[in-house]
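Worksheet: the structure to be examined is printed underneath.
The first residue of the sequence shown is numbered 1, and numbering continues consecutively from there. Side chains are part of it too, since the values below use all heavy atoms of this structure and drop only hydrogens, waters and symmetry mates. Owing to the predicted nature of the structure, the values given are computational and were not obtained by experimental measurement.
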Amino acid sequence: MWQRFSFYDFRVIGHYLGVLLFFTGLMMLIPLSVALALGEYEPAQRYLMSMGIGICVGSLLRMLRIAPGKLSRQQAVAVTSFAWLVVGFMAAVPLALSSHYASVLDAVFDAVSLVTTTGVSIASNPDHISYADNMWRFSLSYAGGLGLIVVAMSFGLFGPSSGHPSLYESEGRSEHVLPNVVQTAQFILKFSSSIVGLAAIVLAIVLALHGVDPLRSAFHGLWLAITSFMTTGLTPQSLGVAYYHSVGIEFVLMILMVLGSINFGLQSEVLRGRVKAFMRDIEVHAGVAWVAGTLIVFICALAGSELMNNLPAMMRTGLFTLIAASTTCGLSVVSSNQLTTVFPSGALLVLALAMAVGGSSGSTAGGIKLRRIAIIGKSAFETMKSTASPESARIVTNYYHIGRHRLDGPEVKEAMTVFIMFVAVYIIGALAGIAMGYDAVAAVSESVAMASNGGISSGIADSSAPVLLKIIYIAEMWAGRLEFVTFLAVFIKIFASVRPRRTWIKRED
């Protein structure tokens, strides 16, 4: 029998969600400061009001339980699950009040897309969004890329429960860079801030050398650094990376996308001088083999495209686009229209497959993750080896991932479960798109882009899309970011909580 949530559980969960709402309200100081500094007074009014709403609502929820104590595992899972939706709805308030969204649902779609690092935007007239609004959008991308719970734990927002391992693990992270989960979260925040800061300076200099004015160079450099390292894929211009017409910028962005898709634990190993450990890792081997194989197929598929009329252009566009898909970053040097009309359908399917698998576990990337694919592959090889061996043989399979591990049943079971759930949601989203009249290949690609948080859109997700399809895509982005196990566990708990109890009546003879 499924264990129910008690009234006490809901009060505790509400308290911690209130903490996150309060923090989201405080985060609006960032775009508010930008608006005041640059004289954007209309956005300043929106962020001042939204900040007040966030702080007030968050404070009220916190009072549901003044001293909640330490979280239980099921409470931690619930807090993590609902954090992405609650923060997404709160983050949508200043966006919905602007003139760039046709409806509140569109603003919610964008906010959830940003915090889950999907990066698909359905804002209208994106080239004229204010600096303050763009600063808010990329701030959400930064927080979502790190993980809302990681950010909260880094700042100690949850008090005594900041060190609860279930909070950290239920957000799709399992490796501890440092012995303590709070120290691990703080390392991730410091490391990512250093990379983004350095990359922002480099990109700003490159933009300035291309004739962009200093203020615009500084902001665009920062935003591009955030969107590439956090594998979000959002850009401040509707043309995407193609707007900049710069090989240098594309090169820097590719480096950042790859870095963002590598496990933070592996990056910590390199910083400690353990390069051999990095080179031996199963995810590194799987990633190199996977990208090399898909790149060959992708280039072959592009050979028949009119857009790629020469080898250098094909290699430049193909390599950048495939890396963006494989890291689930979603940045692109071609438009959604070109993806569906100029690219062969085979090339679009390769991109969808690359997004479906995604990057490394414990990184900012989404998708099924390379580690799970490698584990499933090793398990299949072990099964075949066991079948071909004598009955007395004892087959033991080891692999290296931040240390030596033995392949065991529970690990394979977890990898297969998540794999099946991802594939099922990819199919459900694709069927929903097909049922609403969209092209089958485009619908498959769009569904994968949403559930994997990959973000290379085929153009289906826009303001004119059916309301039901937008809601389905929001659910896909949310479930994909939580990697399904946490997502489903919470809904089973809620179902058990609201299901009426059976009443047993003793029959007397």
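By the 4.0 Å N-to-carboxylate-O rule, K369 lies too far from E283 to be salt-bridged with it. The pair R46-E40 does not count as a salt bridge, with every side-chain nitrogen at least 4.0 angstrom from each carboxylate oxygen.
Side-chain contact, S193 with Y142: a donor N or O sits under 3.5 Å from an acceptor N or O. Remark: the T364 side chain and the T231 side chain contain an N/O donor-acceptor pair separated by less than 3.5 Å.
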Please tabulate, for the side chains in residues 88-99, all donor-acceptor contacts under 3.5 angstrom to protein atoms that are two or more places apart in sequence or on a different chain.
residue, atom, partner, partner atom, Å
S98, OG, L95, O, 2.6
S98, OG, H100, N, 3.4

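Considering only heavy atoms from C-beta on, I373 stays 4.5 Å or farther from W290 through its side chain. With a 4.5 Å cut-off on side-chain heavy atoms, H220 and L203 do not count as touching. Residues Y243 and D127 have side chains not in contact (no heavy-atom distance under 4.5 Å, counting atoms from C-beta outward). By the 4.5 Å heavy-atom criterion applied to side chains, E42 and S130 are not counted as neighbours. Side-chain contact between L20 and V86 is absent, with no heavy atoms from C-beta onward closer than 4.5 Å. For the pair L234 and F138, the minimum side-chain heavy-atom distance is below 4.5 Å. With a 4.5 Å cut-off on side-chain heavy atoms, T118 and Y473 do not count as touching. The shortest side-chain heavy-atom distance between H401 and N263 falls under the 4.5 Å cut-off.
Between W136 and Y47, the angle of the ring planes goes over 60°, which puts this pair in the perpendicular group of the 30/60° scheme. The aromatic rings of Y399 and H405 lie parallel to each other, their planes meeting at an angle below 30°, with 60° marking the opposite boundary. Ring pair F219/Y131 is tilted by interplanar angle, where 30° to 60° counts as tilted.
In this structure, D281 CG and R274 CZ are separated by 13.0 Å, a value rounded to the nearest 0.5 Å. One finds the CG atom of L271 at 9.5 Å from the OG atom of S194 (value rounded to the nearest 0.5 Å).
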Step by step, would you call I474 with M477 a side chain to side chain contact (heavy atoms under 4.5 Å, CB included)?
CA-CA 5 Å; I474 288 173; M477 291 187 285; 4.2 Å; yes
For Q267 and F191, run side chain to side chain contact (heavy atoms under 4.5 Å, CB included): C-alpha distance rounded to whole Å, both residues' side-chain angles, the deciding distance at 0.1 Å, then the answer.
CA-CA 9 Å; Q267 302 200 44; F191 177 76; 2.9 Å; yes
For R216 and L207, what are the C-alpha separation, side-chain angles and deciding distance, and is it a side chain to side chain contact (heavy atoms under 4.5 Å, CB included)?
CA-CA 9 Å; R216 192 174 178 83; L207 287 168; over 6 Å; no
Take W223 and T232, measure what side chain to side chain contact (heavy atoms under 4.5 Å, CB included) needs, and give me the verdict at the end.
CA-CA 11 Å; W223 296 336; T232 304; over 6 Å; no
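At least one donor-acceptor pair closer than 3.5 Å links the side chain of D462 to the backbone N or O of A465. Side-chain N or O atoms of S228 include none that pairs as donor or acceptor with a backbone N or O of L253 at under 3.5 Å.
Heavy atoms from other residues, nucleotides or ligands lying under 6.0 Å from OH of Y438 number more than 12.
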